[in-house]
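For the numbers below, each heavy atom of this structure counts, side chains included, while hydrogens, waters and symmetry mates do not.
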Amino acid sequence: MGWNQVTEGQQAVIYDTHGNGRLVIGPARVYLFSETIVYLSRFVATQFQYLEVKYRNGQKSNVPGPTEMFQNPLDMESIQQKEATILDANHLLVVYKQNQGHIERRIVQGPAVFVPTAEEWLHEFVWHGSDPQNPGHWIPMRNKFNLLRQVPDQFYYNVRDVRTNDDTLLLVNLMLFVELVEVETMLNFTHDPMADFINAVSSDIITFASKTSYEEFLQQTHHLNSLETYPQLTSRAERIGFRVTKVVYCGYTASKALQNTHDTAIETRTCLKLEKESSEQEQNLLEFSLKREKERSKLKQELERQEQEHMQELGRMKQKVELEMEKLKHEAQLEMDIKQAETTVAIKKAENEQKALFMQRLKDLGVDMTKYTLSLIPDYAVEKEVIVGPTHTASNRMTHI
């Protein structure tokens, strides 16, 4: 009994002795007489949260944030603060809703902040998940989630108990690249796509190995990188809304004894291969040396031939120059001889002309030319006659001349 205060931002329920209650919203000041006051709990939700409210009559509502509520026990059973589902651009949710007795399904594509209504619930995917200690080993029902990634993905898987036709037991390691294409198809035709991939690829690998011996398997492992080797995998993936883009063969594991034998054989083959390569390199080096020696000899012969041709060309040019010089010398001598002969002839001509002129003047002076001519001959003795009178005069004139 007495006064009680409900401050601003508070709510309370006051019960009387009969159990009846009334709600008081602050700020308020109440007097209690044989009554009990119960302050209500306050719940707050941010913009990325919501409040799940369950009422005493069995109804339920989800109130998205930001909001606040007081849990009124007069009509509410409970209030829970829950996180909204935040979707990135490559994520989606599968949401079911009950509507007038029918179940409807819709897909919420990100980016979004999803808050379900009271009639909605999320689809929970339960798939095979990889073993953290051994990524190639998958455990059923290990991977449980609501957000579905719609991006290309890849995973490792080890196909166990692969037996060749010569009864060799192997473990084949693979990496698969897959992409979700049709969500509706996946929801309608499978509950665990990873299990479908595992079963299909195991079938393809076992079929491939059963057609080959151990040695043939090792020689044909390159085929395990081709999608044509996996018809079951590609067809099953297409039927459940996926697309297999690539399969990568990552190796194999055999029994320890077989692996030791194979390792020894590999080591022997490797040694033989290295010896063969070493021998081939020596032979190639020898062939290369011989080839270079032959090329050098050929080049030397070519240089000698060119030098000889050059010397011959120089000889021909020298001979040609000498012939040209001889020719020029001969022509010069010939021209000199011609000029000398012409000079001699000219001198003779001049002398003859002088003699003729002299004879003509002697004749003009009355000199007997016959006797004069005979007197010029040394071996012919002619008695000189004394010329007197005009002849003497003439002789004196000639002498004067």
If you look at every heavy atom in [X] and [Y], which pair is closest and at what distance?
X	Y	result
P116	N62	O-ND2, 2.8 Å
V113	Q47	CG1-O, 4.2 Å
F177	M175	CZ-SD, 3.3 Å
L180	G241	CD1-O, 3.7 Å

Inset, instruction - List the steps and the verdict of side-chain hydrogen bond (donor to acceptor under 3.5 Å, both in side chains) for H128 and D192. - result: CA-CA 7 Å; H128 275 62; D192 188 353; 2.6 Å; yes
Taking [X] for the side chain and [Y] for the main chain, is one N or O donor matched with an acceptor at less than 3.5 Å?
X	Y	answer
N4	V30	no
Q81	V44	yes
S289	L285	yes
S203	N199	no
D166	S213	no
Q49	T46	yes
S226	H223	no
S202	V159	no
W138	N158	no
S278	L274	no

Inset, instruction - Mind jotting down which residue pairs meet the side-chain hydrogen bond (donor to acceptor under 3.5 Å, both in side chains) criterion with at least one end in residues 5-14? Sequence neighbours excluded, please. - result: T7-Q10
Inset, instruction - Kindly state each residue pair satisfying side-chain hydrogen bond (donor to acceptor under 3.5 Å, both in side chains) with at least one member in residues 344-356, sequence neighbours excluded. - result: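 The answer is none; no pair qualifies.
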Hey, does [Y] have a side-chain heavy atom less than 4.5 Å from the side chain of [X]?
X	Y	result
Q80	F43	no
V63	S61	yes
V247	L224	no
T168	L170	yes
M76	M69	yes
P132	R142	yes
Y249	N173	no
P73	L40	yes

Legend entry - Set of residues satisfying ring pair (Phe, Tyr, Trp, His ring centres under 6.0 Å) with respect to Y230, sequence neighbours excluded: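 Ring pair (Phe, Tyr, Trp, His ring centres under 6.0 Å) list for Y230, sorted by chain: empty.
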Within 6.0 Å of [atom1] in [X], more than 12 heavy atoms from elsewhere:
X	atom1	answer
R163	CZ	yes
Q109	CD	yes
E182	CD	no

Inset, instruction - Could you list all the salt bridge (charged side-chain N to carboxylate O under 4.0 Å, His left out) pairs where at least one residue sits in residues 106-131, not counting sequence neighbours? - result: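 Passing the test, one end in residues 106-131: R106-E120.
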What I want to find out is whether [X] reaches [Y] closely enough, with some N-O distance under 4.0 Å, to be called a salt bridge.
X	Y	result
R305	E302	yes
R243	E179	yes
E326	K329	no

Legend entry - Test side-chain hydrogen bond (donor to acceptor under 3.5 Å, both in side chains) applied to N284 and E280, step by step: CA-CA 6 Å; N284 292 335; E280 289 178 352; 5.6 Å; no
Inset, instruction - Would you kindly say whether D337 and Q333 are connected by a side-chain donor-acceptor distance under 3.5 Å? - result: yes
How would you list, by chain and number, every residue that makes a salt bridge (Lys or Arg N to Asp or Glu O under 4.0 Å) with [X], sequence neighbours excluded?
X	result
D196	R236
R292	E295
E335	K339

Donor-acceptor list for residues 85-96 side chains, cut-off 3.5 Å, not counting sequence neighbours:
{"from": "Y96", "atom 1": "OH", "to": "H123", "atom 2": "ND1", "distance (Å)": "3.2"}

Rounded distance (nearest 0.5 Å) linking atom [atom1] of [X] with atom [atom2] of [Y]:
X	Y	atom1	atom2	answer
K320	K327	NZ	NZ	11.0 Å
Y157	L174	OH	CG	9.5 Å
T229	N225	OG1	CG	8.5 Å
R160	L169	CZ	CG	11.0 Å
F125	L187	CZ	CG	5.5 Å
E68	L51	CD	CG	9.5 Å

Inset, instruction - Mind running side-chain hydrogen bond (donor to acceptor under 3.5 Å, both in side chains) on R105 and N188 for me, showing each step along the way? - result: CA-CA 11 Å; R105 183 178 67 194; N188 292 332; 3.0 Å; yes
Legend entry - Counterpart residues, side-chain contact (heavy atoms from CB on, under 4.5 Å), relative to K54 (two or more places apart): E52, K60, E77, S78
Legend entry - Those residues that, when tested against P193, pass side-chain contact (heavy atoms from CB on, under 4.5 Å) (two or more places apart): W127, M186, T190, F197, I240, F242
Inset, instruction - Compute both the distance and the angle, then confirm whether K82 meets the cation-pi test with Y50: under 6.0 Å from the six-membered ring centre, within 45 degrees of the axis. - result: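 No, K82 and Y50 do not form such a contact.
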Legend entry - From CA spacing to verdict: salt bridge (charged side-chain N to carboxylate O under 4.0 Å, His left out), K211, E216: CA-CA 9 Å; K211 300 176 183 179; E216 291 173 345; over 6 Å; no
Name each donor-acceptor pair under 3.5 Å that joins a side chain in residues 12-28 to protein atoms two or more places apart or in another chain, with its distance.
{"from": "D16", "atom 1": "OD1", "to": "H18", "atom 2": "N", "distance (Å)": "3.0"}
{"from": "D16", "atom 1": "OD1", "to": "G19", "atom 2": "N", "distance (Å)": "2.9"}
{"from": "D16", "atom 1": "OD1", "to": "N20", "atom 2": "N", "distance (Å)": "2.8"}

Legend entry - Verdict with reasoning, L227 to V244, per side-chain contact (heavy atoms from CB on, under 4.5 Å): CA-CA 8 Å; L227 288 178; V244 179; 3.9 Å; yes
Legend entry - All pairs passing ring pair (Phe, Tyr, Trp, His ring centres under 6.0 Å) where residues 285-341 contributes a residue, at least two apart: none
